[in-house]
Amino acid sequence: MLHFCSKPCASLTHRVSQEILPGYTKTMDKIRNIAIIAHVDHGKTTLVDQLLKQSGTFRANEAKATEICIMDSMDLEREKGITIKAKNAAFQWHEYHVNIVDTPGHADFGGEVERIMKMVDGVLLVVDAFGGPQAQTKFVLKKALENGLKPIVVINKIDRDNADPHKVLDMVFELFLELHATDEQLDFPVVYASAKQGFAKKEIDQESTNMEPLYEAIVKYIPAPKTSDVPYFQMLVSNLDYSDYLGRIAFGRIISGKVKMGEQVVAIHKNGQKEKKAVTAIFGHKGLQKIELQEASAGDIVGICGFEDVFIGETITDNDTREPLSFIDIDPPTITMKICINDGPLVGKEGKLVTARQIKERLIRETRTNVSIEVKETELAGHFQIKARGEMQIAVIVEQMRREGFELLVSRPEVIYKRGEDGKLLEPIETVYVDVPPDNLGDILQSLAGRKAEIVNMDHKPKSVTVQAEAPTRGLIGFETDLVNLTKGSGIMSHIFKEYAEFKGEIPTRNNGVLIPMEAGVAMAYSMEKIQERGRLFVSPQDDVYVGMIVGENSRADDMPVNVCKAKTLNNMRSTGDGKGVSLSPPLKMSLERSLEYIAPDEYVEVTPLTIRLRKKFLDATARKRASSTPVIAED
């Protein structure tokens, strides 16, 4: 997904006056459109960076030439080390113009993946030379093969000590067979690479110092865009962006014909309605730079401005007598959460954007570019229901809003249920892959059993065990945190949506109650020292607290009211404990994702630019007793 800044047009794009940039006066057989797909942390983004650098896209003195992970442009992407938004880039290699798309490897952002498969003719499948293909590799590759794309397998990180590229190649071939690849797709070329060291080679025993073998493979094996029989302009919208100056920008690949600035074109909407507008801008790519073009032709991946209401999957063509192009459906959302205005006593102290109108506008703006989420207003004013592919996707949106200055409340993730034809309740089931050390296998299997998971397969390796299971989506909420704790950080988990199946029964959530302040004020070390004997604290001395806020976890199953604001009574009498210092254990500070997994159905996460707090939905103790604690089933 591309991001355009809200600054004057000179900084928005590199404007090209009357001439078309070199690389855009090309024939279709000199164009290559490719996507790079891989599991999280298999070196996909680093590989794209090397392709851009070694093709001469950046000058030697340009800052980008020395920057690591150029494609991960969002702050959150750099912090988490994963790709969240699909991004377009392009480079010139000899006389060839290569459009390249970096796709997310996490299943929660699969909506990004599915859209771009319509824009490209082939894929680079990047696989770790030790770990082999993982769950998200399978998820994205399945989408690519279904679209008939030509794959090139890149076995990356061959410079690692424990690399086993031959075994990984066998695993990749088995994966292709499992995904019912065609004979042509099974005859895939293989390139061995180390993106970090900046070299690639066709055979494992060859010597190489650069990425030339990979450039050659792309040009040789990835087909040029198919020439269409129709002479007129057609484009399928596969991605969206938004600019404050130009409005909505529709990105996609031109299937046939050509389009020029100022031309009248027609958008065919999903409901059959046709809208005629003039093209106000055309954007192409050179490296990561957005360049404005005067015209673009078949095979190019471009952005077109002029339509305010165009959506992904719709067709833009030359006149209103044309038929729309077909588009792949996107998997439905499986998780729902509520985002609400902050109505707590500390509202407005840290953030400036706190009203329902501001939150609504920001969420609507997100849906303009993020097609895999749905936003709906509820019966309660200031409460919005968000549907998405996974809790991490919503957590990323909330984290972005938090950094923009918003204050809001977020509820616990709940799965979206459906009713079968026979009236039975159905819930989403996911295939889970867990890689754990053998010593922790028993704990992990016990945890999976408690979450209603069914073990499908176990593969014992020398230093780890890979467990494949099928579990309800709601059972996986919070499992990643358990996995990290049980394996001391060495466990790896990935999951992909499988199907809707019959409801598996109740799954116990949190076993412990929480500690709730009886009065508002400032947390005092004197009272906290005695309270910490009752459980684990979440706050530090001098933190602001209020009635109904959660300040710790009780060691028992019930919620316990406590007074963390009680200070030591000062008088002129010497007390028995004089001279003894207060000894407090460090408070447990949870990340946003961990907080969302932790809270119960009757609790919220309060998110502000500086603080993440936990609180009860009803702050007053009497109101909490009156309110039913039975969670409402969110049905589609």
Side-chain angles (χ1 to χ4, degrees), residues 1-28 30-31 33 87-92 97-99 101 118-119 225 227-228 230-269 273-322 324-325 368-369:
M1 186 85 63
L2 299 160
H3 291 274
F4 286 79
C5 57
S6 305
K7 293 181 181 177
C9 201
S11 63
L12 178 68
T13 63
H14 173 64
R15 185 180 291 277
V16 179
S17 54
Q18 298 304 314
E19 61 178 1
I20 308 301
L21 265 169
Y24 281 86
T25 56
K26 56 202 173 295
T27 56
M28 279 185 72
K30 299 297 183 187
I31 301 175
N33 296 323
K87 300 172 196 68
N88 293 28
F91 64 83
Q92 199 83 9
H97 182 85
V98 182
N99 290 305
V101 186
K118 283 287 184 180
M119 295 167 64
T227 53
S228 177
V230 295
Y232 54 84
F233 168 67
Q234 283 182 310
M235 186 181 106
L236 186 67
V237 180
S238 301
N239 219 339
L240 293 175
D241 199 4
Y242 193 81
S243 161
D244 292 340
Y245 294 90
L246 297 166
R248 182 164 286 186
I249 305 167
F251 280 91
R253 190 176 91 184
I254 299 176
I255 307 296
S256 62
K258 60 170 60 177
V259 62
K260 294 181 180 178
M261 275 277 289
E263 268 189 350
Q264 293 284 325
V265 292
V266 174
I268 305 174
H269 299 298
Q273 186 182 347
K274 298 178 179 179
E275 181 185 10
K276 194 169 188 177
K277 290 283 176 72
V279 176
T280 55
I282 304 172
F283 292 106
H285 297 89
K286 185 183 179 186
L288 296 174
Q289 202 175 41
K290 274 73 71 180
I291 53 174
E292 191 169 336
L293 309 172
Q294 299 303 309
E295 67 173 42
S297 56
D300 284 331
I301 292 177
V302 295
I304 291 179
C305 304
F307 294 97
E308 195 55 39
D309 297 318
V310 69
F311 281 92
I312 286 165
E314 296 180 347
T315 302
I316 300 177
T317 187
D318 63 339
N319 66 54
D320 53 12
T321 61
R322 311 299 185 195
L325 297 162
R368 286 174 176 159
T369 56

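Quick note: numbers below take in every heavy atom, side chains included, and nothing from hydrogens, waters or symmetry partners. Sequence positions, counted from 1, serve as the residue numbers for this chain. Computed from a predicted model, the values in this text were never measured in an experiment.
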Of the non-hydrogen atoms in G299 and N99, which two are nearest, and what is the gap between them? O-ND2, 4.3 Å
I'd like to check N319 versus Y232 (side-chain heavy atoms, cut-off strictly below 4.5 Å). Are they in contact? no
Minimum-distance pair of heavy atoms, taken over all atoms of A278 and G262: CB-O, 4.0 Å
What's the separation between atom CG in D300 and atom CD1 in I31, rounded to the nearest 0.5 Å? 4.5 Å
According to side-chain hydrogen bond (donor to acceptor under 3.5 Å, both in side chains), who are the partners of R322, at least two apart in sequence or on a separate chain? D318
Is any side-chain heavy atom of D320 less than 4.5 Å from a side-chain heavy atom of K276? no
Enter the distance from K277:NZ to Q264:CD here, rounded to the nearest 0.5 Å. 10.0 Å
Nearest heavy-atom pair of K274 and V266: which atoms, and what distance? CB-CG1, 3.9 Å
What are the two closest non-hydrogen atoms of I255 and A298, and how far apart are they? O-CB, 4.0 Å
Closest approach of V302 to A296 (non-hydrogen atoms, all atoms of both residues): CG1-CB, 3.7 Å
Measure the CG-CD1 distance between L293 and I282 for me, rounded to the nearest 0.5 Å. 6.5 Å
K258: what forms a salt bridge (charged side-chain N to carboxylate O under 4.0 Å, His left out) with it, not counting sequence neighbours? E295
Interatomic distance, CG@L246 vs CD@E292, rounded to 0.5 Å, equals 7.5 Å
Would you compute the distance between atom CD of Q234 and atom CD1 of I254 and round it to the nearest 0.5 angstrom? 11.0 Å
Here the gap from E275 atom CD to H269 atom NE2, rounded to the nearest 0.5 Å, amounts to 4.0 Å
What residues, two or more places apart in sequence or in another chain, satisfy side-chain hydrogen bond (donor to acceptor under 3.5 Å, both in side chains) together with D309? none
For L325, is there any backbone N or O sitting under 3.5 Å from a side-chain donor or acceptor partner on T315? yes
